[in-house]
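Naming: A, B, ... by sequence-line order, numbering from 1 per chain.
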Amino acid sequence: ALALSMSRATDGSKWRFLEHKGPVLAPPYEPLPGHVRFFYDGKPMKLSAAAEEVATFFAKMLDHEYTTKDIFRKNFYKDWRKEMTSEEKSKITDLTKCNFTEMSEYFKAQSEARKQMSKEEKLKIREENERILQEYGFCVMDNHKERIGNFRIEPPGLFRGRGDHPKMGMLKRRIRPEDIIINCSKDSKHPKPPQGTRWKEVRHDNKVTWLVSWTENIQGSIKYIMLNPSSRIKGEKDWQKYETARRLKKCVDRLRAQYRDDWKSKEMRIRQRAVALYFIDKLALRAGNEKEEGETADTVGCCSLRVEHIKLYPKMDDQEYVVEFDFLGKDSIRYYNKMPVEKRVFKNLQLFLENKQPEDDLFDRLNTSILNKHLQELMDGLTAKVFRTYNASITLQQQLKELTSPEESIPAKILSYNRANRAVAILCNHQRAPPKTFEKSMQNLQTKIDEKQKQLSTARKQLKGAKTEHKIGGLLEEQLMNLQMQATDREENKQIALGTSKLNYLDPRISVAWVKKWDVPIEKIYNKTQREKFAWAIDMAEEDYEF
DNA sequence: CGACCGACTTGTGTGGAGAATG
DNA sequence: CATTCTCCACACAAGTCGGTCG
């Protein structure tokens with residue numbers, strides 16, 4: 001299998017045969033019933049279908065804070081006007097005079113009604129969804145029937161980027177068949193466009209893995225329909241990724257020695273490269289490509305760090321040479337960290353900061369392309385992101401070794417596993433907003449624990465001397481322990497998201513080996529989807545697997 | 001080079017199904 | 001049996017990185 005996948009990689013073709021049914025298009029717009037009105041300046045006003053549709057997008061978001069934001073409103077209003085008839089355009093001149101509440105109430109009622117539907121109605125919908133899944137959700141790639149990832153075209157709506165996005169509120173336009181490129185093999189049954197329409201193009205490019213693509217109008221980027229993570233093509237790629245990270249493991253000592261040496265280089269660009277690489281390695285920062293200003297939220301990664309994102313403290317409390325990081329990374333998630341660094345790194349950073357303004361680049365002689373070219377020379381296939389994969393996986397393996405005690409119960413082992421996973425999530429800065437119901441659910445759990453404690457103490461009193469004491473007391477004790485561990489796990493997980501690292505950074509063979517070694521049911525670690533995605537690893541890894 | 005594009009991976013938030021609970 | 005809670009699948013945004021072109 002390895003040889004086969006390698007040969008596939010070398011000739012560049014990803015498949016020989018590809019057949020699918022094409023995408024599921026967004027349902028057409030259904031005009032509002034007559035009694036649901038839009039008001040302008042206090043008076044009801046009937047909108048054209050096109051203008052009404054865009055208005056409904058806004059109405060559906062009325063409860064969100066961002067509809068109050070200036071940029072959102074400005075962008076929405078500008079794009080909305082483009083959909084209006086000239087008459088509407090001349091009438092509607094001020095967004096603050098627009099009243100969408102009746103529309104908003106209507107949609108709320110609709111969703112309420114959906115919840116109240118009878119079992120039969122819900123079943124009917126489920127069956128229809130299942131039918132669509134069966135028809136459009138699978139394709140044939142080479143000799144396999146494979147699950148498709150996202151076979152639905154994204155419906156129109158208002159764009160809501162993350163963080164302070166300059167384009168929030170813009171209209172994401174409806175995608176028509178004429179916008180869509182189909183990719184499949186020549187000798188397959190081509191997907192049919194809906195009656196009376198045609199695809200933009202049907203091509204047969206087996207150097208790529210996507211089945212359908214279209215260009216989105218907000219950033220002008222291309223969107224794709226690709227296979228599900230459980231597919232052969234994704235699985236092999238994933239496996240390859242971890243093999244690259246394992247190769248890094250073999251030479252990481254050499255690379256670390258090298259960049260430490262480069263801290264002393266005569267050349268500025270080499271010093272910058274070496275300090276950046278140190279951050280990427282030590283802090284698991286992302287590479288940090290440049291971004292076009294005004295097109296996206298202002299976020300950075302390692303190479304795009306600016307002077308304003310770090311602070312240097314020669315002394316802080318009892319530590320020397322502390323660097324404080326404070327910046328917005330991917331998805332505008334804040335990265336905040338204080339790290340003591342070696343004197344040489346500190347001196348270099350001082351040098352990089354000389355004569356610069358806060359908004360200047362910290363590494364002005366470096367970008368991701370330069371860095372990756374350098375890495376490529378150090379190891380075949382090495383790029384900045386491999387460090388994240390490597391450090392995440394090696395951390396999991398080390399933490400599992402350190403935290404798992406042979407004699408502890410299965411729930412205790414799972415807590416240990418989650419703690420190891422948590423160490424990685426913290427390294428990678430995978431945060432989440434604490435769930436809205438967090439406090440409540442912690443309270444509920446605490447109530448359960450208290451009850452269990454009471455049960456245990458009454459049981460102890462009543463059963464004094466009885467020969468079942470040991471058995472029942474033991475059971476209750478175990479239940480109590482499990483609840484307490486659940487509470488600990490949940491508390492520690494309050495602001496940490498484990499999913500991303502589990503799915504994208506942790507070599508699944510480490511986890512598979514661990515469950516095999518300790519006889520932990522794999523279902524406790526991976527749910528059904530995850531087991532499907534990692535089927536290759538579950539097949540492959542034995543308990544002695546070493547990353 | 002550097003801008004731009006294309007293909008692919010990584011990331012968070014959410015809605016709804018199904019489990020748990022009263 | 002209705003209500004609440006939990007977790008998963010999904011949506012889709014936002015990264016990385018390599019290639020091409022002028």
Side-chain angles (χ1 to χ4, degrees), chain A residues 12 14 26 64 111 114-117 119 122-123 125-126 129 133 137 147 149-155 157 159-163 165 167-168 172 181 183 205 207-210 213 215-216 218-229 233-234 237-238 240-241 285-292 295-297 299-304 328-333 367-373 375-376 381-389 392 425 428-433 435-438 440-441 443-445 447-448 486 490 497 499-505 526-530 532-533:
Chain A
K14 309 285 172 66
H64 286 282
S111 90
R114 221 170 304 130
K115 278 181 208 152
Q116 299 303 321
M117 279 187 311
K119 254 188 194 154
K122 281 185 179 171
L123 181 67
I125 292 175
R126 253 212 321 280
N129 282 337
L133 172 67
R147 183 78 198 272
N150 53 323
F151 52 87
R152 287 170 202 277
I153 299 283
E154 293 172 18
F159 174 80
R160 174 66 178 100
R162 303 187 207 262
H165 198 115
K167 298 194 170 185
M168 65 167 85
K172 227 174 82 165
I181 301 174
N183 193 32
D205 181 358
K207 301 281 191 283
V208 297
T209 67
W210 54 267
S213 77
T215 301
E216 150 279 332
I218 303 289
Q219 314 283 354
S221 67
I222 308 170
K223 299 252 180 169
Y224 303 93
I225 292 181
M226 293 185 189
L227 295 195
N228 184 278
I233 208 160
K234 294 285 186 191
K237 198 79 189 297
D238 210 33
Q240 223 177 74
K241 174 181 78 184
L285 299 190
R286 295 186 188 81
N289 283 304
E290 298 108 295
K291 304 168 78 189
E292 221 177 319
E295 291 293 301
T296 56
T299 63
V300 297
C302 186
C303 293
S304 50
L328 297 182
K330 182 174 178 180
D331 292 313
S332 294
I333 298 288
N367 60 39
T368 55
S369 162
I370 296 171
L371 179 63
N372 281 333
K373 278 205 185 90
L375 292 175
Q376 189 59 243
L382 187 61
T383 62
K385 77 199 263 286
V386 179
F387 279 88
R388 248 166 105 81
T389 313
C428 293
N429 200 41
H430 291 143
Q431 301 187 28
R432 62 165 182 178
K436 286 181 201 96
T437 55
F438 185 82
K440 183 105 183 289
S441 94
Q443 270 174 20
N444 290 348
L445 201 49
T447 315
K448 272 196 198 169
Q486 216 186 325
R490 196 173 298 180
T500 302
S501 51
K502 201 181 230 181
L503 240 42
N504 300 304
Y505 289 103
Y526 290 140
N527 68 30
K528 183 168 149 285
T529 321
Q530 292 165 339
E532 281 165 13
K533 165 165 176 163

Within the structure shown, what part of the strands sits under 4.0 Å from [X] by heavy-atom distance: base, sugar-phosphate, or nothing?
{"X": "A:Tyr505", "answer": "sugar-phosphate"}
{"X": "A:Pro229", "answer": "nothing"}
{"X": "A:Lys172", "answer": "sugar-phosphate"}
{"X": "A:Lys241", "answer": "sugar-phosphate"}

Under 4.0 Å protein heavy-atom contacts per nucleotide of nucleotides 15-22 of chain C, with B for base, S for backbone only and - for none: SBBS----

Salt bridge present between A:Lys291 and A:Glu295 (N-O < 4.0 angstrom):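 No, A:Lys291 and A:Glu295 are not salt-bridged.
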
Any side-chain donor near an acceptor of the partner, A:Glu216 and A:Ser221, under 3.5 Å: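 Yes, A:Ser221 and A:Glu216 have a side-chain donor paired with an acceptor closer than 3.5 Å.
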
Full working for side chain to side chain contact (heavy atoms under 4.5 Å, CB included) between A:Asp205 and A:Trp210: CA-CA 9 Å; A:Asp205 181 358; A:Trp210 54 267; 5.6 Å; no

Residue A:His430, side-chain heavy atoms: nucleotide from B:dC8, C:dC8, B:dT12 that is nearest: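 Comparing B:dC8, C:dC8, B:dT12 against the side chain of A:His430, the answer is B:dT12.
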
Proximal nucleotide (of B:dG11, C:dC12, B:dC8) relative to the A:Thr500 side chain: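 Of all the options, the side chain of A:Thr500 is nearest to B:dG11.
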
Atom pairs under 3.5 Å: protein N/O with N/O of nucleotides 4-7 of chain C:
from, atom 1, to, atom 2, distance (Å)
C:dC5, OP1, A:Lys440, NZ, 2.8
C:dC5, OP1, A:Asn444, ND2, 3.4
C:dC5, OP2, A:Lys440, NZ, 3.4
C:dT6, OP1, A:Arg490, NH1, 3.2

Rounded distance in Å - CG (A:Asn504) to P (B:dT12):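 After rounding, the reported distance stands at 10 Å.
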
Euclidean distance, atom NE2 of residue A:His64 to atom P of B:dT14 [Å, nearest integer]: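 Rounded to the whole Å, the gap is 7 Å.
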
